[in-house]
Amino acid sequence: MPKFSLKGSRPAIAESIIIIALALVPLFVTFPYRVNIFLSWEGAYRISSGQIPFRDFGTPLGYGFWIFPALFFKLFGPELISLVKAQVLLNIMAGFAFRSIMKSMGVQPGVRLLSVLVFVLSYSFFNFWPWYNHTVIVFELVGLSFLFRALFSDSRIRKYGNMLVAAFFIFLSVFTKQDGGGMAFMLCLVFVAYNSLQTRRWLDLPIFVGMFALVAAIMILPLMPGFGYWFNHGQPPHSSRLAVNDFTDEIFGSSNWIKAYVVLVVLCMVAKVKEWGAWLQQRREVLFALLTLGILGEAAIFQVTSYTPPDNNIFFHSFAFAFIASYLFELLKININSFRPLLGATFLVLFWWSGTWWKYIGRFTDRLFPAQEAAAAGPGHENVVNRHNYMLNNDTTDVPVSSWVYSNLKPFRKIYMPASTVKGMENIMALPVVTEKKGDIKVLNMSELTPLAAAMPYKLETGPDYPLWYHLGVGMFNRQLATFTQKIRDHHYDLVIYEYAPTLNNFYPFALRCELKQHYHQVDSFLAPRRPTNAIIEVYVK
């Protein structure tokens, strides 16, 4: 039997298989309707239809988030499942970008392989849908991978070529989400500044900043002046949604993983480094430490500024693991590149992140070992109490996902929703105002069912003052609210689809519902495709 080794191309092949294989899993499953995915769909649909952001619609985000979804709409059609396909590519990009960063940091093959596995299991594997709080990090990782290639390149042409690509992707990160992208840019400045200090190449920092400014000018100037209104949260009627207490409460009150990693990183450095002056001259070592601590700091801030979904900042696990494992294996003199230590460490990583893959295997174990449950107390069930039924769910408004069904409408293919939602969409498609006007209908769709624009179809309203989504104070403001109010009073729309979500703060402006009740006629209502099903969709005609 030949001796096992991680020399040559074996690590690259193993890492590529992990990244690609797990990224392709979503292509072979079906999905429940994802909360808030309507935003991903409509932005991609508008751009793929030729609309220009900040001219044909406004958004407080740059259009970086919708580039790949729009491309996949062009390739596969404006279906929700096309968004899943776009996310597959983004997950592959993120995996290889992370691998490239680890390679630039000089992480040994065994630790790099384990770190890639941690990255995929902890961050990519369960991200099936594109969302801006994830895409911003993907672009950041790609930008960092090219930046570190530039910093360690011996060829001037390759160096500045990689730096230009890095500036482009870091700008796309900013142009996807200001907070994450802004922190990515600041981290890049720290890395380039330190590298310039050590190499005495003082022009690298202004050159990188100049490249970033050039890319920004090329991308932004054609979008003016509408871009200035939507992207600037500091002008009226925009206002900050954050406070200092938000950061201190989250960081000091919780964030236990991040704080634990910081402590372990510091302990590893103290245990290994004997001469700090000499250590500061080792570029890879210092950049690796700066990167790890910088990512942990970014994650601590990102969880406050971008709180939906609540676990969108967990990209830090793999970076912290790679740094700590690199130092730990060296301090313990463990050859992680040999078969037995690597196999044992792999099993430990799989055990650590079993929560991401066990839910798939758990479906089979649930059938093999069914739990004894009782829906309610009754004859023969009085003494059946366990962790599954010790509390009775008396909320009759919620509909379990197991009872959701599929729709026959093409944009919703392979996506299941509450039966009430599917029936409600069928009723909308059968309305006389829809069947008779055949595409000339004027529709205001303030709901999560944005793919109805392709199913009917109807023409989307456009204009530099028209918001992409309707969350008051986030995606639209008082000026847009006044415009919609007047249009409803003037009976501008033939059909209005309005989602009433009483537990969400003006997710769709409550004031417009009052106007609809007064000036339009409600013909139907049904459950919105949310989990839990705590919102309803109301249908209004003139």
Side-chain angles (χ1 to χ4, degrees), residues 11 14-26 87-88 90-103 105 107 110-131 133-142 144-145 180 184 254-265 268 288 291-303 306-329 336 342 344-362:
E15 291 156 2
S16 299
I17 291 174
I18 292 172
I19 292 169
I20 296 174
L22 293 183
L24 293 178
V25 169
Q87 185 61 33
V88 168
L90 289 170
N91 284 343
I92 292 174
M93 288 172 54
F96 280 105
F98 176 79
R99 177 188 178 274
S100 175
I101 294 170
M102 293 298 103
K103 193 172 182 180
M105 294 297 101
V107 177
V111 175
R112 194 178 70 221
L113 178 62
L114 292 171
S115 301
V116 168
L117 182 60
V118 172
F119 178 83
V120 173
L121 290 177
S122 67
Y123 189 59
S124 291
F125 183 54
F126 53 85
N127 274 301
F128 291 169
W129 296 94
W131 192 242
N133 286 336
H134 179 266
T135 305
V136 60
I137 304 301
V138 174
F139 288 147
E140 176 185 359
L141 295 177
V142 176
L144 289 175
S145 69
S254 53
S255 306
N256 293 329
W257 271 110
I258 295 175
K259 291 182 289 189
Y261 283 139
V262 171
V263 171
L264 290 173
V265 166
C268 285
F288 196 10
L291 171 66
T292 304
L293 292 173
I295 289 293
L296 290 171
E298 178 183 348
I301 297 172
F302 194 64
Q303 66 185 340
S306 298
Y307 43 81
T308 302
D311 59 352
N312 59 37
N313 73 324
I314 56 174
F315 51 85
F316 63 85
H317 285 289
S318 48
F319 287 92
F321 173 84
F323 186 91
I324 296 168
S326 295
Y327 275 60
L328 195 59
F329 286 129
I336 193 60
L342 181 61
T346 301
F347 278 116
L348 288 176
V349 167
L350 291 173
F351 177 69
W352 179 22
W353 288 103
S354 60
T356 59
W357 53 266
W358 178 255
K359 56 188 174 183
Y360 301 101
I361 298 178

OG (Ser254) and NZ (Lys259) are apart, to the nearest 0.5 Å, by 6.5 Å
Smallest heavy-atom separation, Asn91 atom then Ser124 atom, equals ND2-O, 3.3 Å
Compare every heavy atom of Ile258 with every heavy atom of Leu296, then report the nearest pair and how far apart it is. O-CG2, 3.7 Å
Counting C-beta onward and ignoring hydrogens, is there a side-chain heavy-atom pair between Trp353 and Leu117 closer than 4.5 Å? no
Quick one: closest heavy-atom pair of Gly180 and Glu298, and the distance? O-OE2, 3.7 Å
Does any part of the side chain of Gln87, heavy atoms only, come nearer than 4.5 Å to the side chain of Pro26, both counted from C-beta? no
Work out which heavy atom in Leu113 is nearest to a heavy atom in Ala14; give both atom names and the distance. CD1-CB, 3.8 Å
List the steps and the verdict of side-chain contact (heavy atoms from CB on, under 4.5 Å) for Leu90 and Asn127. CA-CA 10 Å; Leu90 289 170; Asn127 274 301; over 6 Å; no
Minimum-distance pair of heavy atoms, taken over all atoms of Ala320 and Thr292: CA-CG2, 4.0 Å
Supply the atom-to-atom distance Ile18 CD1 to Ile20 CD1, rounded to the nearest 0.5 angstrom. 11.0 Å
Please report whether the ring centroid of Phe315 lies less than 6.0 Å from that of His134. no
Do Phe323 and Tyr327 have ring centroids that are under 6.0 Å from one another? yes
Kindly compute the distance separating OG (Ser122) from CZ (Phe316), expressed to the nearest 0.5 Å. 8.5 Å
Where do Met102 and Phe319 land on the side-chain contact (heavy atoms from CB on, under 4.5 Å) test, with the steps shown first? CA-CA 9 Å; Met102 293 298 103; Phe319 287 92; 4.0 Å; yes
Relative to the ring of Phe321, is the ring of Trp352 parallel (under 30°), tilted (30 to 60°) or perpendicular (over 60°)? tilted
Euclidean distance, Leu141 CG relative to Ser318 OG, rounded to 0.5 Å: 8.0 Å
For the CG atom of Leu293 and the CZ atom of Phe288, what is their distance to the nearest 0.5 Å? 10.5 Å
With rounding to the nearest 0.5 angstrom, report the NE2 to OG distance, His317 to Ser115. 13.5 Å
What are the two closest heavy atoms between Ala322 and Val111, and how far apart are they? O-CG1, 3.8 Å
Derivation of the side-chain contact (heavy atoms from CB on, under 4.5 Å) call for Leu121 and Leu350: CA-CA 8 Å; Leu121 290 177; Leu350 291 173; 3.8 Å; yes
Would you please classify the geometry between the Phe119 ring and the Phe98 ring as parallel, tilted or perpendicular, with 30° and 60° separating the classes? parallel
As a quick check of understanding, evaluate side-chain contact (heavy atoms from CB on, under 4.5 Å) for Trp257 and Ile314, giving each step before the final call. CA-CA 9 Å; Trp257 271 110; Ile314 56 174; over 6 Å; no
